[in-house]
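Counting starts at 1 for both ligands and their atoms, in listed order.
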Amino acid sequence: MTLTHNYRGRLAPSPTGYLHLGHARTFWTAQERARAAGGALVLRNDDIDARRFKLEFVAAMIEDLHWFGFAWNEGPDCGGPRGPYNQSERTSFYRTALDQLRAGGFIYSCTCSRKDIAAAARAPHAEDDEAIYPGTCRSKSPSTLNAQPSTRFNWRFRVPDGETISFHDQHLGPRQYVAGRDFGDFVVWRRDDVPAYQLSVVVDDAAMQITEVVRGEDLLKSTARQLLLYRALGLPPPKFFHCPLMTDAAGVRLAKRHDALSLRQLRARGAAPADLRRGW
Ligand code: GLU
């Protein structure tokens, strides 16, 4: 297929478990939108938190996506001009962005060890969104930190308190979030030298020239955070299309713990992708 338009979309799964029907539905929207625009689709393996991902899930992810009917133009299995497509191989890009944020005075070092820091490498789906940071380390002078050379610290982005971040969602229409109220200073790099989700996703979507990010609506607040990062890094933001989340019969958001709805199990039970997609 010749690509005639500039649209570039992406599927960005994290290999922390088997993909389920909820992922498939969001990804299907991403694929359909790329197709409708005559654009390209990129598969990115978001394996940034090396401790949490497992190699077997990467292979399963690619196999399950193919089985379901996904096809991409660039990815870890087929390469492409904007690779590498495994986040674990892209640390130098994230480090350059971190240096730029530091030089611009957008981030500060933070010695707090909180639960949200441990979680920062993964996308904050639903109830695990990063808590509003109380600002403990915001005004510590760098010299206080230099006095403790052995201290390793996290890097946090200082949000412009009170500023309304507005964007037009391609699905939901106009959205507004207030910095400091809807979300606070967020982690961009963890003290154990792991880049945070918020930073890695912005750096990659920009470097891979993604023109529209299609993902679940649980990441709306992350979009507001990410728009601040685009601005600070002087990068043009993509468009955003947030999809409704798929829930189980009890109304609970599908998660990797819903084994019965994993693409793996559905396939083992003989389900046909076309039937699963009916009504989407
Ligand atoms: N890898 C992230 C996730 O699976 C991507 C989120 C995003 O689309 O930005 O949650």
_Using a 4.0 Å cutoff against the non-hydrogen atoms of A12, which atoms of ligand 1 qualify?_
1 (N), 2 (C), 3 (C), 4 (O), 5 (C)
*asked:* With a heavy-atom distance limit of 4.0 Å, tell me whether V213 approaches ligand 1 through its side chain, its backbone, both, or neither.
replied: neither
*asked:* Pairing donors with acceptors under 3.5 angstrom, does anything connect the side chains of T223 and R215?
replied: yes
*For the residue pair F27 and F70, categorise the inter-ring angle as parallel (less than 30°), tilted (30 to 60°) or perpendicular (more than 60°).*
perpendicular
*If you measure every N/O of V201 against every N/O of ligand 1, is any gap under 3.5 Å?*
no
*Run down the list A30, S14, P15, P13 and name the one with the heavy atom closest to atom 3 (C) of ligand 1.*
S14
*Going by the atom numbers of ligand 1, which of them fall below 4.0 Å from some non-hydrogen atom of L219?*
6 (C), 7 (C)
*Considering the heavy atoms of D46, write down every atom of ligand 1 situated less than 4.0 Å from one of them.*
1 (N), 2 (C), 5 (C)
_For D204 and Y94, which I'm curious about, is there any donor-acceptor pair between the side chains at under 3.5 Å?_
yes
*Who passes side chain to side chain donor-acceptor pair (under 3.5 Å) against R8, sequence neighbours left out?*
E74
*At a 4.0 Å threshold, what atoms of ligand 1 neighbour a non-hydrogen atom of R215?*
7 (C), 8 (O), 9 (O)
*Given D169, which of H242, R175, K239 fulfils the side-chain hydrogen bond (donor to acceptor under 3.5 Å, both in side chains) condition?*
H242
_Does the plane of the ring in F153 sit parallel, tilted or perpendicular to the ring in W155? Use 30° and 60° as the thresholds._
perpendicular
*Between R10 and ligand 1, which part of the residue brings a heavy atom under 4.0 Å of the ligand: side chain, backbone, both or neither?*
side chain
